[in-house]
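Working notes, structure below.
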Protein chains: 2
Amino acid sequence: MTSVEEPARPNGRIRDAARTRAEILDVATQEFARAGYDGARVDEIAARTRTTKRMIYYYFGGKEQLFTAVLERAYGVIREAEQELDVEHLDPVAAIRRLAELTFDHHEAHPDFIRLVSIENIHGAQHIAASGELGKIGSPALDVIRRILASGRESGLFTADVDAVDLHAMISSFCFFRVANRHTFGALFGRDLVDPAQREHYRSMLGDMVIAYLTADRAPR
Amino acid sequence: MTSVEEPARPNGRIRDAARTRAEILDVATQEFARAGYDGARVDEIAARTRTTKRMIYYYFGGKEQLFTAVLERAYGVIREAEQELDVEHLDPVAAIRRLAELTFDHHEAHPDFIRLVSIENIHGAQHIAASGELGKIGSPALDVIRRILASGRESGLFTADVDAVDLHAMISSFCFFRVANRHTFGALFGRDLVDPAQREHYRSMLGDMVIAYLTADRAPR
DNA sequence: TAGCTAACGTACTAGTTCGTACATTAGTGA
DNA sequence: TCACTAATGTACGAACTAGTACGTTAGCTA
C-alpha cells in the first residue's frame, strides 16, 4: 500500500509535503483498520508518524476527511490491481476461474482494505457518498466479467444468463466473508478460514462454485 | 428481538429487574448496531431507556460487558431460529435449497445482527472470546447441513464430498455480504442488493448456486 | 542573499464520555 | 409492621480527544 521508505537524510526538520502526506495516510490506514472509525485516535496516528497532529489537520482538514482520503487511496489500489487483469486470452471457463482466483488473492493480501470497507458499511457508506472521487468510477473487473460472460454465452459454455454485477457480488461475497468474518467464524466454529493450509482448498472451492453455477443446466428444483 | 412492552402500571418508580435489563439490552442493541462499539454512547443508551445510566453499570458492569451481553442475546436469537429448522423431510436437493433460503431470510430480517457481527469482527471477536457462553455451543444449522449432505451423498444426488462447515460458510457469505456490504456496494455499483424488487432474484440465485455446486460433476477445469 | 510562503511544531482548550460516590425507595420476609 | 436489601436516581469528576491559536523555519525564487 505505497508505504514510505526511510529517508537517507540526516535528522532535523526536513520538508517534504508528499512524504508527510503519504506517511500520514499509511499510518491512518493501519489505525482506522485496527480500531474502526470512532475507535481510531487522531493523536495515535500523529504519534506513529514523524510529524505532528497539526499536519493531519493541515493536509486533510479533520478526522472525517482523513478517513475519506484513506478510503480513496485503498479503493485506488484495488482499481489499479484490477486494471492488470489479463485473463481474456483464456477460454471463458478458465478466464472466470482465474478472475475468481485473483479476486480471492487480492482479498487475502489486503485485510486492511477489507476492514476499511466493513467500517465504511457500518457508517452507511457516508464517506464514499461525500467523496466526489469515489462516486461512480465503477470497477475495471466488472468490464472484464461482462466480456467473459458474453463470450461464454456465445460459445454455449455458460448456460445461465447471468448479470455481471451479480456474478461480481457472488465472487466478492465469498472472498470478503472469508477475511472479514474470520474472527467470529473461527471463534464459533473452530475453523480459521484464512489458515494457510486451507488456502488452496478454499481457492478452488470458490472457482468450482462459480463454474458450477455458470455451467449448470439449471434444472433441479 | 424480545422487545419490551409498555407496562400498564401508573407512573412513579416501578421495580422490575427483568424488564429494566431487557430494555437496556434492546436499546443497546440498536445503538451499538447504529454506531459501532466505540461510536455507541452509554449516555445515549441510557437516555433512550426508562431508566438511567447507573442501571447499565448496575446490571452489566460496563460498556464492554454490555456489548458482550448484546452479542450473546443476538446469537441466542439466531440459534433459536435454527432450532426451528424443519427441512429434513424433504429430499436432499430441496432440503439444501430450503435451508439456504431460510438463511437468506434470516439475514435479511436481522440487519442489526449482521452489523453487530461485523463490529465484533473489527474487534477481533474479543467479546466472544471473553464470553464463556458464546464459546463453543456450535450451530444447530450445522447439524442439519451435516445430515442433509450425508443423505445426499448416499443417494448419489450430490457428487462432491463437501464439508458441512464449508457449505455453511458458502451460504452465509452470500447472505451476509448482501446485507453487510449493501451500502458500499450500492454506492460503487449503483445497485441496491437489498432492493425488495430484487429479493426473489437473489434468493433463487443463492439456491441455484449452492445446488449447482453440490450436483456438479466437477470436471471442467 | 533577502524575503516570502509552504510546511512544520508546541501548547492549549472546549467539550465529551465513561464511570462512580452517595442518596433514596420499593417491595419482601420475619 | 418493621427492617433489610435489591433496585433505582442524582450529581459529579477524571480522563480523554478532536480540534486550534500562535509561533517557527526550511528552502525556493527574484
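Residue numbering restarts at 1 for every chain, and letters A, B, ... go by the order of the sequence lines.
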For this session: Decide, yes or no, whether a salt bridge links A/D195 with A/R182 under the criterion of side-chain N to carboxylate O below 4.0 Å.
Result: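 Not counted as a salt bridge, because no side-chain N and carboxylate O are separated by less than 4.0 Å.
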Exercise. Hey, is B/R203 close enough to B/E108 for a salt bridge, meaning N to O under 4.0 Å?
Worked result: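 No salt bridge links B/R203 with B/E108.
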Exercise. Taking the six-membered ring for Trp, is the centroid-to-centroid distance between B/H107 and B/F113 below 6.0 Å?
Worked result: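 Here the rings of B/F113 and B/H107 have centres that are no less than 6.0 Å from each other.
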Exercise. Which of these nucleotides, C/dC18, C/dG9, D/dT10, is closest to any side-chain atom of B/R41?
Worked result: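 Among the listed nucleotides, the one closest to the side chain of B/R41 is C/dC18.
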Exercise. Nearest to the side chain of A/R15 - C/dT17, D/dA18, C/dA6?
Worked result: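 Of the candidates, C/dA6 comes closest.
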For this session: With a 4.0 Å heavy-atom cut-off, tell me which residues in residues 57-68 of chain B come close to DNA chain D, sorted by residue number.
Result: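 Residues of residues 57-68 of chain B under 4.0 Å from DNA chain D: B/Y58, B/Y59.
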Rounded to the nearest angstrom, tell me the gap between atom [atom1] in [X] and atom [atom2] in [N].
X	N	atom1	atom2	result
B/R54	D/dC12	CZ	P	17 Å
B/D43	D/dA11	CG	P	15 Å
B/I45	C/dC18	CD1	P	8 Å
B/K53	D/dA11	NZ	C1'	10 Å
B/E23	D/dA7	CD	P	16 Å
A/M55	D/dA26	CE	P	14 Å
B/R21	D/dA6	CZ	P	16 Å

For this session: Describe the nucleic acid contact of A/A46 in one word from base, sugar-phosphate, nothing, applying a heavy-atom distance below 4.0 Å.
Result: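 The answer is nothing, as A/A46 stays clear of every strand by at least 4.0 Å.
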Exercise. So what does B/A18 touch, heavy atoms closer than 4.0 Å: a base, only the sugar-phosphate, or nothing?
Worked result: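 No contact.
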Exercise. Any luck finding a side-chain donor-acceptor pair between A/E64 and A/H127 under 3.5 Å?
Worked result: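 Their side chains do contain a donor-acceptor pair, which is all the 3.5 Å distance test asks for.
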Exercise. Does a nitrogen or oxygen in the side chain of B/T51 sit under 4.0 Å from OP1 or OP2 of D/dA7?
Worked result: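 No, no such contact exists.
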Exercise. Hey, does the side chain of B/T52 come within less than 4.0 Å of D/dT10's phosphate (OP1/OP2), counting only N and O?
Worked result: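 Indeed not, no polar side-chain atom of B/T52 lies that close.
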Exercise. Would you call B/L214 and B/L167 a side-chain contact if the rule is heavy atoms closer than 4.5 Å?
Worked result: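 Yes, at least one pair of side-chain atoms sits under 4.5 Å.
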